[in-house]
Each structure stands twice: as C-alpha cells, then as structure tokens.
Participant: 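Structure below; questions to follow.
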Amino acid sequence: MARSAEKAMAILSRWTAMVNSEDKPQDNARRPFLATECNDLKEAEKWRRQIIREVSKKVAQIQNAGMGEFRIRDLNDEINKLLREKRHWEDRIVELNGPNYAKIGPKMLDHEGKELPGNRGYKYFGAARDLPGVRELFEQDPPKAPRKNRAELYRFVDADYYGYRDDDDGLIIPLEKEAEEKARKEAVTDFAKKLDSEGITLEEKDDNIYLSLNFDNDENTDNIDKSFVSHVPVPSQKEVEDMLVRHKKQELLDRYASDILKAQSSEAKALMGL
C-alpha cells in the first residue's frame with residue numbers, strides 16, 4: 001500500500017514539474033569544460049552562478065553525517081573541484097573585462113570549509129571534518145609553556161632557597177636533639193656490648209664532661225689545665241716593638257736617603273756586625 005502511494009507521489013511530482021516548465025524557455029546549453037572556451041561575459045557570469053548553486057547544494061548535503069564515510073569523501077572532493085572551477089571562471093571574467101569577484105565577491109562559501117595548513121587549498125566541509133584521520137589533523141597541540149629567562153629564575157632564589165633559615169622555625173632543633181640523644185644511647189649500648197663480648201670491663205660514668213665545663217664563668221676557668229708548651233719560638237712584646245721600629249726606620253731611609261748615605265749606612269752596619 002505504501003509502495004503504491006510513493007509511486008503516485010513520484011508521478012505527480014514529475015507531472016507538476018513538467019507543467020511548470022512548459023512556460024519557461026528551454027536552456028539545454030552545457031557548461032564548457034574549460035573557462036577559456038567562453039568568450040561572452042554574460043555567459044561566464046551565468047556559469048559562475050550555476051557553480052555557486054551546485055556548491056551550496058552539495059555543502060548542505062555534506063552536513064549529514066549518516067551518509068557514510070565514502071559518500072562524504074566523494075562529496076567533499078566534488079565541492080573542492082567545483083571551487084577550483086569557480087576560481088577559473090572568475091579569472092576568465094576578469095580577462096573579459098568583468099568584475100573581480102575574488103576581491104569584491106562574498107565569502108559565504110569560504111568560511112564553511114576548513115583548510116589544512118600546507119594542503120594546497122584543499123578544504124573539508126561539514127561532516128568531512130569529523131572523518132577518521134581528518135579529525136586528528138585539525139586538533140591543535142597544546143601551547144608550550146613559556147620559557148623563563150634568567151631574571152625570572154633568580155627572582156625566588158633567596159636565603160630560604162639555600163636553607164639558611166631552616167632552623168628558625170623551632171621544629172628542627174628539638175627533633176635533631178632527640179635524634180642525637182637516641183643515636184648516642186645506641187652507640188653507647190653497642191660499645192658496651194662489644195666490650196662484654198671481648199671480656200673487657202669499663203667503669204661506667206654518666207657524667208657529661210661537656211656540661212661540667214662552663215667556659216662562660218670565670219670561676220670554672222681555673223679548673224682547666226693551663227699547662228701549654230710551645231714548640232715554636234714566640235717573640236715577646238718588646239721584640240715585636242723593636243722589629244716594627246727598625247722596619248719603619250728602613251722605610252724612611254729608603255724614601256729620603258741618597259745612595260751615598262745608604263752605602264755608608266750599610267758599611268757602618270757591616271763594621272758593627274748588625
């Protein structure tokens with residue numbers, strides 16, 4: 001039943017189209033294969049308008065993603081072919097002293113297609129941009145992080161960067177003290193075990209020698225052994241003063257004395273045994 005209704009509608013549509021075309025002039029002329037074969041400006045503009053109508057129709061068809069991958073690719077190829085042909089006709093119109101549509105014409109068809117860089121003008125329309133292998137080409141890489149110059153790198157380099165003020169927070173010192181006491185106790189225990197294993201006895205003494213010596217008080221400084229033997233001859237204060245005086249005299253003599261006076265002085269020293 002549905003099939004018969006579809007046939008009737010198709011026949012009715014053809015009959016209506018035939019009736020409407022009876023009063024119109026028949027134009028069975030075919031578009032030339034090459035634009036250079038046309039020498040009439042009006043004819044060239046007519047073929048250009050015809051190409052634009054075909055492109056618009058095919059662009060509307062390619063928006064349907066349910067046509068299948070092969071049909072979409074064929075439609076996209078046909079659209080690009082028509083766009084190239086349209087540019088040929090526009091160049092021919094300019095040669096026939098017509099308007100330059102490449103500069104003054106509307107760009108309604110150009111913004112609907114997207115061209116891949118370095119693809120020599122081939123554009124993708126509608127569902128063709130979502131085809132496998134094409135979608136990845138249009139995906140842009142994430143922008144790279146801007147590189148910092150030397151001034152920006154050194155902006156946050158301060159004393160905290162080198163750890164100079166790590167002890168000022170009041171947390172590290174108590175932790176280090178606790179870890180130090182624990183390590184000392186473990187070392188003493190290991191040493192005692194080693195002595196026990198070797199059969200050596202050592203008198204235990206818990207006094208801390210570092211706490212018993214308080215160098216800040218004068219009364220405790222007397223308990224420190226002051227016996228000190230110097231193995232290097234140390235000059236006394238008098239000898240140091242005499243040496244400085246001789247050095248100063250020699251500088252004044254070198255600055256103000258003449259060569260003859262210097263020679264006499266050296267001879268006198270030699271005679272005196274100095």
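Since we're looking at a predicted model, the values are computed, not measured. Atom set for the values below is all heavy atoms of this structure, side chains included, hydrogens, waters and symmetry mates excluded.
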Participant: Go through the structure and list residues passing side chain to side chain donor-acceptor pair (under 3.5 Å) with Arg73, not counting sequence neighbours.
Facilitator: Glu69

Participant: Indicate the atoms forming the closest heavy-atom contact of Gly98 with Leu41, along with that distance.
Facilitator: CA-CD1, 3.8 Å

Participant: Checking one residue: Leu153. Which other hydrophobic residues are in its cluster under the side-chain 4.5 Å linking rule?
Facilitator: none

Participant: Tell me every residue that passes salt bridge (charged side-chain N to carboxylate O under 4.0 Å, His left out) with Glu176, counting only those two or more places apart in sequence or in another chain.
Facilitator: none

Participant: How about Asn39 and Arg92: do any of their side-chain heavy atoms sit closer than 4.5 Å?
Facilitator: yes

Participant: For Glu239, which residues count as a salt bridge (charged side-chain N to carboxylate O under 4.0 Å, His left out) partner, sequence neighbours excluded?
Facilitator: none

Participant: Test of understanding: with side chain to side chain donor-acceptor pair (under 3.5 Å), list the residues that count as partners of Glu90, not counting sequence neighbours.
Facilitator: Arg48, Lys86

Participant: Would you give the length of the straight line joining atom CD of Glu95 to atom OG1 of Thr36, rounded to the nearest 0.5 angstrom?
Facilitator: 8.0 Å

Participant: List the residues meeting salt bridge (charged side-chain N to carboxylate O under 4.0 Å, His left out) with Glu180, not counting sequence neighbours, and say none if there are none.
Facilitator: Arg184

Participant: With sequence neighbours excluded, what pairs up with Asp77 under the side chain to side chain donor-acceptor pair (under 3.5 Å) test?
Facilitator: Tyr122

Participant: Report the distance from atom CG of Leu252 to atom NZ of Lys248, rounding to the nearest 0.5 Å.
Facilitator: 6.0 Å

Participant: Of all residues at least two apart in sequence or in a different chain, which pass the side chain to side chain donor-acceptor pair (under 3.5 Å) check with Asn149?
Facilitator: none

Participant: Using a 4.5 Å cut-off on heavy atoms from C-beta on, say whether the side chain of Glu45 contacts that of Tyr101.
Facilitator: yes

Participant: What pair of heavy atoms forms the shortest contact from Ile93 to Pro99, and how long is it?
Facilitator: CG2-O, 3.5 Å

Participant: Test of understanding: with side chain to side chain contact (heavy atoms under 4.5 Å, CB included), list the residues that count as partners of Glu43, not counting sequence neighbours.
Facilitator: Cys38, Asp40, Lys46, Trp47

Participant: Would Tyr124 and Asn80 count as a side-chain contact (heavy atoms from CB on, under 4.5 Å) here? Give the steps.
Facilitator: CA-CA 8 Å; Tyr124 291 89; Asn80 282 273; over 6 Å; no

Participant: Are Leu83 and Phe125 side-chain neighbours, meaning at least one heavy-atom pair lies under 4.5 Å?
Facilitator: yes

Participant: For the residue pair Arg31 and Glu85, establish whether any side-chain heavy-atom pair is separated by less than 4.5 Å.
Facilitator: yes

Participant: Yes or no on side-chain contact (heavy atoms from CB on, under 4.5 Å) for His247 and Gln250, after CA distance, side-chain angles and deciding distance?
Facilitator: CA-CA 5 Å; His247 184 68; Gln250 186 65 32; 5.6 Å; no

Participant: If you group Ile, Leu, Val, Met, Phe, Trp and Tyr whenever their side-chain heavy atoms sit less than 4.5 Å apart, what else falls in with Phe33?
Facilitator: Leu34

Participant: Rounded to the nearest 0.5 Å, what separates atom CZ in Arg87 from atom CD1 in Ile51?
Facilitator: 11.0 Å

Participant: Drop me the distance from Lys58's NZ to Asp74's CG, to the nearest 0.5 angstrom.
Facilitator: 10.0 Å

Participant: Group every Ile, Leu, Val, Met, Phe, Trp and Tyr by side-chain heavy-atom contacts under 4.5 Å, then state whether Tyr154 and Tyr164 land in the same group.
Facilitator: yes

Participant: Side chains of Met243 and Arg246: does their closest heavy-atom pair fall under 4.5 Å?
Facilitator: yes

Participant: Just verifying a value: how many Å separate Asn76 CG and Ile62 CD1, rounded to the nearest 0.5 Å?
Facilitator: 4.5 Å

Participant: Hey, could you give me the CG/NZ distance between Leu75 and Lys57, rounded to the nearest 0.5 Å?
Facilitator: 10.5 Å

Participant: Under 4.5 Å between side-chain heavy atoms, hopping through other hydrophobics if needed: is there a path connecting Phe156 to Tyr161?
Facilitator: no

Participant: Report the residues that fulfil salt bridge (charged side-chain N to carboxylate O under 4.0 Å, His left out) with Glu241, sequence neighbours left out, ordered by chain and then residue number.
Facilitator: none

Participant: Closest approach of His88 and Ala35, non-hydrogen atoms and distance?
Facilitator: O-CB, 3.9 Å

Participant: Could you tell me whether Glu178 atom CD has more than 12 heavy atoms of other residues or ligands within 6.0 Å of it?
Facilitator: no

Participant: Through direct or indirect side-chain contacts below 4.5 angstrom among Ile, Leu, Val, Met, Phe, Trp and Tyr, which residues connect to Val94?
Facilitator: none

